[in-house]
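Contents: one structure, followed by commentary.
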Amino acid sequence: MGLFKAKIAELIKEKLPPASPGLDPDEVALGDLLEAPPDPAYGDMAFPTFSLARTFRRAPAKIAADLAAEINRARPDWLEKVEALNGYVNFTLNKPLAARSVLTAIKSEGRRYGSSGAGQGRKVVIDFSSPNIAKPFAVNLLRTTVLGQALSRLYAFQGYEVVRVNHLGDWGTQNGQWIVGYRLWGDEAALAANPIKELLRLYIRFHEEAEKHPELEDQAREAFHLLEQGDPEALALWKRFRHLSIEEFKRVYARMGIEFDSYAGEAFYSDKMEPVIRLLQEKGMLVESEGATVAPLDEYNLPPCLILKSDGSTLYPTRDLAAALYRWEQYQPALVLYVVDVRQSLHFQQIFTVLKKAGMSWVDRYEHIAYGLIKFQDMIMSTRKGAIVFLEDVLDEAANRSLEIIKERNPDLPDKEKVAEQVGIGAIIFRFLIYSRLKEISFDWQTALSFDGDTGPYVQYTYARLCSILRKAGTEGVDVEKIGEDPSCLCFEKLSAPEEAALIFELERFPDVLIQCEAGRDPVALARYLLELCRVFNGYYHQHRVMGSDAMAERLFLLAGVRTVLQNGLYLLGMSAPEEM
RNA sequence: GCGCCUAUAGCUCAGCGGAUUAGAGCGCCGGCCUCCGGAGCCGGGUGCGCAGGUUCGAUUCCUGCUAGGCGCACCA
């Protein structure tokens, strides 16, 4: 909770009259009731008393008036004004003290400012990106990749030990398709020269031919079955494809600043399914149905979960059950997040329910973090139909566009390509985080490559300007790092403009925003917050001169605070923060 | 047929377990002083899908309906 909110909540709790016996006002989370008044003229924080009316058996207006009077009897110096209005108690903070407490907190905490530390000693496993090695690395993977990365940083920032797992789709019928394709049309020379291109060619060819010759699908199933039996030749091919794919993935991940702790995918679990199946059998949860082995879930109102095909081979659910079990045994996590698209909601519901039914109560810590699909020109992205937009092409296009703009507007910038990469990729990342995760995103190049308005580059640009002015202060003999080391040297009364108070408040609520993101398992609030902070800052900065003003030191201190929060925020979203662009 | 998700301004979207007067971007129109970076700033706004319910008060919670999207057995 933010500094102000916590202090006010504590004060209210202390000053509130004791409730009737049996009615405990402590049960109401007072801090959660506090909110920003619609108009700053009312105050900085408002406490609605309506929900307490029943507990105290008194009118809200009366409660508010009494509470305000009680607080005013010995009003602490950090509160300038406390008054009751329409059932609310409105608090006006002492601005200089507020500025001092927020800015010195940012100064002392620096890159840690905003962290709740709530995750200390807890482990969270985040399963994200998880491409299928037998498919092209396409844009539809961007959302899980970007979301997962942001969530990983967010949880790590809150003190969690984060295990980033890339649960590769490297086992299953699709891999059989690949083996069949390679045997029929594979070109060894091409594979050696440009493996990714060749693998893609085989992928497309297979799906084209399979339209005309459905028996290819049977061959693929057969090939996978062989693979699962450990056929040496199939295994060798598969290993090679897998290796080449991972190398390619890693290269792209590096561009986005992503590294995984584990690439344990489906194949990793291929020899770990027996115990799960046995367990389900022992619990009497498995039955034969139409030749297959399934776990009925009627009592949970869910369709049965398929465990084994009629031919005895395993399925996606089987491997996910094994993975869930393994993750529990291996990591003992406090939380497991599966960042996987919304189409698999039922699947995860079934997996979790099967484990629950089998008595694995730890599965309550497992969550499917669903997100909406990416639509492309009114069509859901489908890699099979050939409508492929490669993930890397999107990054390239964005970087190119960014480079053009830099050449035009900042021709003297050193390291243009590097900065263009940071800004271009930042634009893409931000664009995928700015919507609530369950919303569908319709991808189009024009919007993706727009750098004006509510975009990543807007935030990065604001950050760069901030760095620019702080640099300028440095060249003019001000040691920016030293400002605020001794707060008593500063006169916080000088930060008295309404825009300055608004900025202080934005900075103060940063920790709350992160908690909100953590609770909702969605970085969208942070992305929105950064935009708002930039707007407030840009408005301020546009109308108040910093350098040479009589409040220069104080304003530079304020700017340094904004810079730190933007830096932390961009990092948490998984974006770079170039100091010039 | 059953289930899940979504519905807020022309368009794309915020609005945290309710609260005083519902916000932003894009697009459109009009402005920005030889001054800290114009990827910027300022101004222009008759909008919460429909119908009920709970409440002192509902965009928010509940129910039903409508529309769109996605799932529902050997793909993942």
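The sequence lines fix the lettering, A, B, ..., with proteins before strands; numbering per chain opens at 1. All values below were derived from every heavy atom in this structure, side-chain atoms included, with hydrogens, water molecules and symmetry-related copies excluded. As the structure is a computational prediction, the values presented were derived from the model and not from experiment.
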Separation of [X] atom [atom1] from [N] atom [atom2], in whole Å?
X        : N     : atom1 : atom2 : value
A/Trp178 : B/C75 : CH2   : P     : 19 Å
A/Asp454 : B/G23 : CG    : C1'   : 11 Å
A/Glu217 : B/C74 : CD    : C1'   : 14 Å
A/Ile63  : B/C56 : CD1   : P     : 14 Å
A/Tyr529 : B/G15 : OH    : C1'   : 17 Å
A/Arg431 : B/A14 : CZ    : C1'   : 15 Å
A/Arg401 : B/A39 : CZ    : C1'   : 10 Å
A/Ile469 : B/C41 : CD1   : C1'   : 15 Å

Considering just the side-chain nitrogens and oxygens of [X], establish if one lies under 4.0 Å of OP1 or OP2 belonging to [N].
X        : N     : value
A/Arg221 : B/C75 : yes
A/Lys135 : B/A76 : no
A/Ser345 : B/C5  : no
A/Arg319 : B/A76 : yes
A/Tyr316 : B/A76 : no
A/Tyr269 : B/A76 : no
A/Arg409 : B/A39 : yes
A/Lys439 : B/A14 : yes

Using a 4.0 Å heavy-atom cut-off across all strands, classify [X] as base, sugar-phosphate, or nothing.
X        : value
A/Leu315 : sugar-phosphate
A/Glu266 : sugar-phosphate
A/Asn90  : base
A/Val524 : nothing
A/Gln349 : nothing
A/Leu302 : nothing
A/Val423 : base
A/Gly169 : nothing
A/Phe50  : base
A/Ala370 : nothing
A/His544 : base
A/Val546 : base
A/Phe451 : base
A/Asp320 : nothing

Between [M] and [N] - [atom1] atom distance, rounded Å:
N     : M     : atom1 : value
B/U60 : B/G17 : C1'   : 10 Å
B/U63 : B/C4  : P     : 10 Å
B/C56 : B/G64 : C1'   : 26 Å
B/C16 : B/C61 : C1'   : 14 Å
B/A9  : B/A24 : P     : 14 Å
B/C35 : B/U46 : C1'   : 41 Å
B/C32 : B/G15 : P     : 36 Å
B/C36 : B/G44 : P     : 27 Å

Any idea which of [options] is nearest the [X] side chain?
X        : options             : result
A/Gln174 : B/C75, B/A39, B/U20 : B/C75
A/Arg343 : B/A14, B/C26, B/C70 : B/C70
A/Asn538 : B/U21, B/G40, B/C72 : B/G40
A/Arg535 : B/A73, B/C72, B/A24 : B/A24
A/Asp452 : B/G37, B/C26, B/C36 : B/C26
A/Ser436 : B/G40, B/G15, B/A39 : B/G15
A/Ala46  : B/A76, B/C74, B/U20 : B/U20
A/Arg465 : B/G40, B/C72, B/A39 : B/G40
A/Arg545 : B/C35, B/G37, B/A76 : B/C35
A/Leu306 : B/A39, B/U12, B/A73 : B/A73

Going by ring centres under 5.5 Å and near-parallel planes (under 30°), is A/Tyr541 stacked on B/C36?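 Yes, the aromatic ring of A/Tyr541 stacks with the base.
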When you measure from the side chain of A/Asn166 to the backbone of A/Tyr263, do you find a donor-acceptor pair of N or O atoms at a distance under 3.5 Å?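 Pair absent, no side-chain N/O of A/Asn166 close to backbone of A/Tyr263.
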For [Y], is there an ion pair with [X] - N to carboxylate O distance below 4.0 angstrom?
X        : Y        : value
A/Arg535 : A/Glu532 : yes
A/Glu500 : A/Arg555 : yes
A/Arg509 : A/Glu506 : yes
A/Asp341 : A/Arg437 : no

Check the orientation of A/His167 and A/Tyr269. Use parallel for under 30°, tilted for 30 to 60°, and perpendicular for over 60°.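 Geometry flag for A/Tyr269 against A/His167: tilted rings.
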A/Phe537 vs A/Tyr540 aromatic rings, parallel, tilted or perpendicular, using cut-offs 30° and 60°?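 The rings of A/Phe537 and A/Tyr540 sit tilted, inter-plane angle from 30° to 60°.
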base_contact_polar (B/C74 base, A/Ser310 side chain, donor-acceptor, <3.5 Å):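 Per atom types, the contact qualifies.
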Within the modelled atom types, does a donor on one side and an acceptor on the other bring the side chain of A/Thr455 and the base of B/A39 under 3.5 Å apart?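 Between B/A39 and A/Thr455, which were checked side chain against base, a qualifying N/O pair under 3.5 Å is absent.
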Would you kindly compare A/Leu438 and A/Tyr540 by the position of their nearest RNA chain B nucleotide and give the one closer to the 5′ end?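 The answer here is A/Leu438.
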RNA chain B: A/Ile441 or A/Leu531, which has the more 5' nearest nucleotide?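 The residue whose closest nucleotide sits nearer the 5' end is A/Ile441.
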Using a 4.5 Å cut-off on heavy atoms from C-beta on, say whether the side chain of [Y] contacts that of [X].
X        : Y        : value
A/Leu302 : A/Leu346 : yes
A/Thr455 : A/Gln460 : no
A/Val82  : A/Asn90  : no

